[in-house]
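To find a chain, count down the sequence lines: A is the first, B the second, and so on, and within it residues start at 1.
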Amino acid sequence: MAEHFQLLQTDTATAARRGRLTTRHGAVETPIFMPVGTQGTVKAVTPVHLRELGAQIILGNTYHLSLRPGSELVRELGGLHRFMGWDGPILTDSGGFQVFSLAKLRDITDAGVAFQSHLDGARHFLGPREVMKIQADLGSDIAMVLDECPPWPCERDECARAVARSERWAKVCKAVAEESGFLAGGHHVFAIVQGSTFDDLRREAAQALAAMDFPGYAVGGVSVGEPEDEMLKQVGATAPFLPADKPRYTMGLGTPPQLLKMIALGVDMFDCVLPTRVARNGQVFTPDGPMNLRNEKFRTDPRPIVEGMDNYTCRNFSRAYLRHLSVAGEMLGGTLLTIHNLHFFLDLMAQARAHIEAGDYATWHRAWIARYEAGE
RNA sequence: GGUAGGAUACUCAAGUGGCCAACGAGGGCAGACUGUAAAUCUGCUGGCUUACGCCUUCCCUGGUUCGAAUCCAGGUCCUACCA
């Protein structure tokens, strides 16, 4: 078993796992949800909030931070942890997905991706070496390899090319991380499995990357517009071929029921902008489904978002007040709703961990999803 | 008292003979958001309707016209200036 990842328990009725991932900035209990902090901040909340919420690890982004303020500046100021005042683990995305989502601006070759900045149109280049250098500058605890994320839907030929290119890039990223001492210094590098809807391509990619012995593995190419069934099918077609003794991470997902379903498929780590983004737009999560706090029906509602939920927002504020803040466009609304939503996701993971330990994850997660989907 | 200007939907505000149930903005209501170019975006917002459509509207009354928010007459109210 890998030194940095302990499998504490494996569920018998599902493929769910209870694990512990060790990083340079502390241990992460899995399954875990990672709040997204693209530009060196989890939008609307402070590191103090994140600590109180029990956030164990957050994301940063190579693409955004390299364009602004620049990874060398971050390095000069002590690395991303010091720069943003967060001393817990940070996983950095490589920019592969951003390049995909900025499709009109890119030019992909085997060497890397030439693209124009969305900020000022300036031309930039990101290849596997550049991506690893930037993530080293940032001081990332978990760096992601550069990958090519094909769109959905995608032709098989195009997908196969992206898979092959992603494998070549992964190999270079790994080599750079070894040569530079990045891995030896306790930083991790995770590979990313592509393959879109083609199960055999995903299996082959997973096996090829597994042979390269990365510290962790991600399922990429999901949450790119495909329906939920397709997304779960792809995760299910990938996870079994990833090394059992390494952490598994599905990138960019998902909703609360999706998270529980993917845990059952054997996934350990998740990240998603959903809870933070929708919070700023007035939506909050509850055990009985999501609700839009801006709706008129909450205008005089004196209750907290979720009765008895132990976070700053639910302990102190009524739905009526939170609705007022959100409708009025007050910044505090985004902050308080973000606190609640992140707590909701992090607490859900804590419950999942407890139920995997208790051995009743299968029945518990089905009941949880049934209630959530039934609504109020 | 005189002169000039003005009264349009919840608010502000376009429209000066038919393409007007009436531009636009705000407000209101609802929806979307999944490795964050998002404190963003979309739809609806006179009534009945899924909609075609029908009905009632642009201060009031009357008139001109095939046709009026738009033209004419009178009235009511508001604003500015002069007495």
Side-chain angles (χ1 to χ4, degrees), chain A residues 33-45 57-65 67-68 91-105 115-121 131 142-150 152 166 190-194 216-228 230-232 234-235 249-259 261-262 267 269-285 290-299 322-323 325-338 341 345:
Chain A
F33 177 81
M34 305 181 282
V36 179
T38 298
Q39 307 208 64
T41 164
V42 176
K43 293 186 194 296
V45 294
I57 173 173
I58 64 174
L59 256 68
N61 199 296
T62 296
Y63 173 84
H64 299 262
L65 293 171
L67 292 181
R68 182 173 60 190
L91 180 151
T92 51
D93 191 9
S94 66
F97 183 79
Q98 278 62 45
V99 166
F100 153 72
S101 61
L102 298 169
K104 287 193 178 72
L105 306 178
F115 62 95
Q116 284 184 274
S117 164
H118 70 277
L119 299 173
D120 60 7
V131 155
I142 302 174
M144 300 304 298
V145 300
L146 181 66
D147 64 328
E148 180 180 346
C149 182
W152 182 90
S166 295
F190 282 17
I192 306 174
V193 177
Q194 293 292 345
Y217 292 88
V219 180
V222 283
S223 75
V224 289
E226 77 282 11
E228 175 176 312
E230 184 61 51
M231 180 275 286
L232 289 169
Q234 291 178 38
V235 173
Y249 161 34
T250 54
M251 307 187 75
L253 292 168
T255 65
Q258 287 168 357
L259 296 181
K261 289 174 186 174
M262 288 187 286
V267 180
M269 302 166 68
F270 309 93
D271 82 279
C272 191
V273 303
L274 195 63
T276 45
R277 176 179 290 169
V278 301
R280 298 192 303 280
N281 297 325
Q283 187 180 94
V284 291
F285 293 90
M291 63 188 199
N292 187 344
L293 265 190
R294 288 184 187 167
N295 287 2
E296 203 275 339
K297 63 184 172 183
F298 299 118
R299 195 175 66 84
L322 296 170
R323 171 182 193 271
L325 291 181
S326 188
V327 166
E330 283 292 336
M331 291 192 291
L332 183 58
T335 295
L336 293 176
L337 299 197
T338 297
N341 280 353
F345 274 56

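Rounding to whole angstrom units, CD of residue A:Glu226 and C1' of B:C33 are separated by 15 Å. Whole-Å rounding puts the A:Tyr63 OH to B:G35 P distance at 15 Å. Atom CG in A:Asn281 sits roughly 16 Å away from atom P in B:G43 (whole-Å rounding). Taking atom CZ on A:Arg280 and atom P on B:A32, their separation rounds to 17 Å, with Å as the unit. Between A:Phe115 atom CZ and B:A37 atom C1' there is a gap of 13 Å when expressed in whole angstrom units. Rounded to whole angstrom, the span from the CG atom of A:Asp147 across to the C1' atom of B:G35 amounts to 9 Å. The CG-P distance, from A:Leu274 to B:A38, rounds to 16 Å in whole Å. The separation between A:Met231 atom CE and B:G35 atom P is 12 Å, rounded to whole Å.
The shortest distance between the side-chain N/O atoms of A:Ser223 and the OP1/OP2 oxygens of B:U34 is not below 4.0 Å. An OP1 or OP2 oxygen of B:G31 is reached within less than 4.0 angstrom by a side-chain nitrogen or oxygen of A:Asn292. One finds a side-chain N or O of A:Asn61 lying less than 4.0 angstrom from the OP1 or OP2 phosphate oxygen of B:U36.
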Any protein N or O atoms within reach of nucleotides 44-47 of chain B? Criterion: under 3.5 Å, listing atom names and distances.
none

Using a cutoff of under 3.5 Å, can you pull out all pairs of nitrogen or oxygen atoms linking the protein to nucleotides 25-29 of chain B, with atom names and distances?
| unit_1 | atom_1 | unit_2 | atom_2 | d |
| --- | --- | --- | --- | --- |
| B:C29 | OP1 | A:Arg323 | NH2 | 2.8 |

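Heavy-atom distances to RNA chain B give each of A:Gly329 and A:Thr255 a nearest nucleotide, and the one nearer the 5′ end belongs to A:Thr255. For the pair A:Gln283 and A:Gly37, both in contact range of RNA chain B, the more 5′-proximal nearest nucleotide belongs to A:Gln283.
Using a 4.0 Å heavy-atom criterion, one finds that A:Asp93 contacts the bases of the nucleic acid, with or without backbone contacts as well. Contact annotation for A:Glu330: no contact, since no heavy-atom pair falls under 4.0 Å across all strands. Among the atoms of the strands shown, base atoms are found under 4.0 Å from some heavy atom of A:Ile192. Nucleic acid contact for A:Gly282: none, since no nucleic acid atom lies under 4.0 Å from a heavy atom of the residue. Among the protein residues, A:Glu228 comes within range of no part of the nucleic acid, since none of its heavy atoms lies under 4.0 Å from any strand. As judged by a 4.0 angstrom heavy-atom cut-off over every strand, A:Thr335 is placed among residues making no nucleic acid contact. The residue A:Gly334 sits apart from the nucleic acid: no heavy atom pair falls under 4.0 Å.
Between the side chain of A:Ser94 and the backbone N or O of A:Val145, at least one donor-acceptor pair lies under 3.5 Å. For A:Thr335 (side chain) and A:Ala44 (main-chain N/O), a donor-acceptor pair under 3.5 Å exists by modelled atom type. Not a single donor-acceptor pair under 3.5 Å links the side chain of A:Asp93 to the backbone N or O of A:Thr62. With hydrogens and angles ignored, the 3.5 Å screen pairs no side-chain donor or acceptor of A:Asn295 with any backbone N or O of A:Lys297.
Aromatic ring centres of A:Tyr217 and A:Tyr249: separated by at least 6.0 Å.
Counting distance only, with no hydrogens placed and no angle test, the side-chain atoms of A:Ser101 and the base atoms of B:U36 include no donor-acceptor pair under 3.5 Å. Side chain A:Gln98 to base B:U36: no donor-acceptor pair is found below 3.5 Å.
Once rounded to the nearest 0.5 Å, the distance linking CE of A:Met251 with CZ of A:Phe190 reads 10.0 Å. Note that NZ of A:Lys261 and CG of A:Leu253 are 12.0 Å apart. Values are rounded to the nearest 0.5 Å.
Pair check for B:A4 finds B:U79; Watson-Crick or G-U wobble, both atom distances under 3.5 Å. If you check B:G27 for Watson-Crick or wobble pairing at under 3.5 angstrom, you find it paired to B:U45. Across every strand in view, B:U56 sits unpaired, with no contact that passes the Watson-Crick or G-U test at under 3.5 angstrom. Checking B:C33 for Watson-Crick or G-U wobble geometry (two distances, each under 3.5 Å) identifies no partner in any strand. Base-pair partner of B:A14: not found among the strands shown (Watson-Crick or G-U wobble, both distances under 3.5 Å).
When all heavy atoms of A:Gly254 and A:Cys272 are compared, the closest pair comes out as N-CB, 3.7 Å.
For the pair A:Asn61 and A:Gln39, the minimum side-chain heavy-atom distance is 4.5 Å or more.
Between A:Tyr63 and A:His118, the ring-plane angle classifies as parallel under the 30° and 60° cut-offs.
Legend: residues meeting salt bridge (charged side-chain N to carboxylate O under 4.0 Å, His left out) with A:Arg299, ordered by chain and number and at least two apart, are A:Glu296.
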